[in-house]
S.K.: 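Let me begin by handing over the structure; questions about it come next.
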There are 2 protein chains.
Amino acid sequence: MGRRRAIAKGQTILWQGETASAVANVLSGTVKLSATTADGREQILGIVGAGGFIGRIDDKASAFSAIALNPVEICLFPRSAFVAMAEHHPEVGAALLERALADLDRARRWLLMIGRGTAIERVAALLVDFAGESTSTRHAFPLSRGQMADLAGLTIETVSRQLGKIKSAGLIAMPSRDIFEIRDMETLRAIAGEQPGNRPH
Amino acid sequence: MGRRRAIAKGQTILWQGETASAVANVLSGTVKLSATTADGREQILGIVGAGGFIGRIDDKASAFSAIALNPVEICLFPRSAFVAMAEHHPEVGAALLERALADLDRARRWLLMIGRGTAIERVAALLVDFAGESTSTRHAFPLSRGQMADLAGLTIETVSRQLGKIKSAGLIAMPSRDIFEIRDMETLRAIAGEQPGNRPH
DNA sequence: CGACCAGTTGAGGTGGTTCAAACTTAGTGG
DNA sequence: CCACTAAGTTTGAACCACCTCAACTGGTCG
């Protein structure tokens, strides 16, 4: 049930300020939630992957936009149908609640990082996050420098410089500019100020 | 149902890093959710008032502490009982979901403010929030300068200086140090960068 | 080859922090 | 009623992390 829809990379699914009458489920791909201040500064507020939920349950205006970072498939529901389903199928509602609380947790952890972390701490946190639970040491950057900057609340230049610092400290290697290899995960986590399980997305 | 419990001002209800086996509902009073970095910098992640929910549904460690800002009454449930109730009573689950999504919204709005806002914008946003929907122009600061700083991701000194600036610009008056009167709400909202409905808590 | 785009590097400016001192206010006891 | 204290706040000066602006580099695609 719901209408399936393909979204091209870079296309906006939901506009900041819009009051959407539909909600969506992400089937595949990655979506960024980002807001822009009146004078054009952008901040990424969250990243939604497969299984994630986009939209509002009430009819208020959205505080942020949802934009596809790569080709995305979503499943659209009218809001009323969605709410009804959540109320009649407890297991759906419970899953939704669980996800909302997990998202809330991530948003709050990120809030600490942005509010109190230095530039190098934020960039280290991004790297730790990109590495995820994966055992392999080699990774591609899933985000451009600009997107990393918008996520960390920094500028492109600062992100680039901090990556340089981390590289020359021997914590990572960067064989090409969109690939990094973790050399010292322990120190990296320490810089990121990682309490166990500190993953923004 | 659940055990009722009175908490004194300043007492910690939930410790950062703790894995609590109980969740709580706030009956009265105000609780701050705050996290502290390894080197002692604190960031308030959220404010929970009456009707709010504290705790985790899973058994992971909490990323933040919950501390009473004033005398608080809470109602404690074992986590399992709470989860069961949410699953068997759809309307409870729905209410919980609604609140979680609202909290998520506030956290994300605050993330934008913290990530991209200047000091004066953050302080103005606090004032607008304190004023709330109230029609009266005179208000008491519900938080100390230090708490405002921890909430805005600034230092006490910066909060004090920005308040001074806002005062001498004639946007507010401060007849005593814990009372303020709004003189120019429109400009204040404009500085806060308020998209309609931009309230962090 | 040349244009373009993302990323890097450099130099200088600035907003917010840090450290320190003065001030205010409420509470306490002589 | 007046020190005296203690906690919170304000103010000042110097510093530094990050931003801004600008030039440069290295890939990629026509």
Side-chain angles (χ1 to χ4, degrees), chain A residues 9-10 36-37 39-44 69-70 113-127 130 139-169 172-180 191 193, chain B residues 9-10 32 36-37 39-44 69-70 113-127 130 140-169 172-180 191 193:
Chain A
K9 172 178 172 179
T36 306
T37 61
D39 56 336
R41 289 164 291 171
E42 181 176 352
Q43 173 72 48
I44 297 184
L69 287 177
N70 42 45
M113 196 83 259
I114 300 272
R116 295 302 186 188
T118 63
I120 199 166
E121 287 168 354
R122 300 188 209 178
V123 173
L126 281 181
L127 290 174
F130 292 160
H139 302 275
F141 285 104
L143 263 40
S144 73
R145 297 292 187 277
Q147 287 165 346
M148 289 171 67
D150 287 339
L151 188 50
L154 299 169
T155 59
I156 293 180
E157 296 93 324
T158 300
V159 169
S160 179
R161 274 185 255 269
Q162 301 305 326
L163 280 175
K165 262 193 206 170
I166 292 173
K167 189 180 76 174
S168 54
I172 62 168
M174 285 174 57
S176 93
R177 66 184 187 183
D178 28 6
I179 299 212
F180 69 99
I191 293 175
Chain B
K9 172 179 173 179
K32 72 168 178 182
T36 305
T37 60
D39 55 338
R41 290 164 290 171
E42 181 177 352
Q43 174 72 47
I44 296 184
L69 287 177
N70 42 45
M113 197 81 258
I114 300 270
R116 296 300 185 187
T118 63
I120 198 166
E121 287 168 353
R122 301 188 209 179
V123 173
L126 282 181
L127 290 175
F130 292 160
F141 286 104
L143 263 41
S144 73
R145 297 292 187 276
Q147 287 165 347
M148 288 170 67
D150 289 339
L151 187 50
L154 299 169
T155 58
I156 292 180
E157 295 93 326
T158 300
V159 169
S160 180
R161 275 186 255 267
Q162 302 305 326
L163 280 176
K165 263 192 206 170
I166 292 173
K167 190 180 75 174
S168 55
I172 61 169
M174 285 173 57
S176 94
R177 68 182 186 187
D178 30 8
I179 299 215
F180 68 100
I191 293 174

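Just so it is clear, the model here is predicted, and its values are computed rather than measured. Chain identifiers are assigned alphabetically (A, B, ...) following the order of the sequence lines, protein sequences preceding nucleic acid strands; residue numbering begins at 1 within each chain.
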S.K.: For the residue pair A/R161 and A/V123, establish whether any side-chain heavy-atom pair is separated by less than 4.5 Å.
M.R.: no
S.K.: Could you provide the dot-bracket string of DNA chain C, using ( ) for intrastrand pairs, [ ] for crossing pairs and | for bases paired to another strand, with Watson-Crick or G-U pairs below 3.5 Å?
M.R.: ||||||||||||||||||||||||||||||
S.K.: So do A/L126 and A/V159 actually touch side chain to side chain, heavy atoms under 4.5 Å?
M.R.: no
S.K.: Between B/R116 and A/D150, is any pair of side-chain heavy atoms under 4.5 Å apart?
M.R.: yes
S.K.: Is there a side-chain contact between A/Q43 and A/I114 in this structure, where contact means two heavy atoms from C-beta onward sitting under 4.5 Å apart?
M.R.: yes
S.K.: Enter the distance from A/H139:NE2 to A/I172:CD1 here, rounded to the nearest 0.5 Å.
M.R.: 11.0 Å
S.K.: Nucleotide by nucleotide, 5' to 3', does protein get under 4.0 Å of the base (B), only the sugar-phosphate (S), or neither (-) in nucleotides 5-17 of chain C, counting heavy atoms?
M.R.: -BSBBBB----SB
S.K.: Can you label the angle between the B/F141 ring and the B/F180 ring as parallel, tilted or perpendicular, going by 30° and 60°?
M.R.: tilted
S.K.: For a 4.0 angstrom threshold against heavy atoms of chain B, report the outermost contacting nucleotides of DNA chain D in 5' to 3' order.
M.R.: D/dG8 to D/dA13
S.K.: Quick check: closest heavy atoms across B/Q147 and B/L69, and the distance to 0.1 Å?
M.R.: NE2-CD2, 3.2 Å
S.K.: Looking only at non-hydrogen atoms, find the nearest pair between B/S176 and B/D178 and report the distance.
M.R.: OG-OD1, 2.9 Å
S.K.: Rounded to the nearest 0.5 Å, what's the gap from CE on A/M148 to CG on A/L163? Could you check?
M.R.: 4.5 Å
S.K.: How close do A/E121 and A/I191 get, heavy atom to heavy atom, and via which atoms?
M.R.: CG-O, 3.3 Å
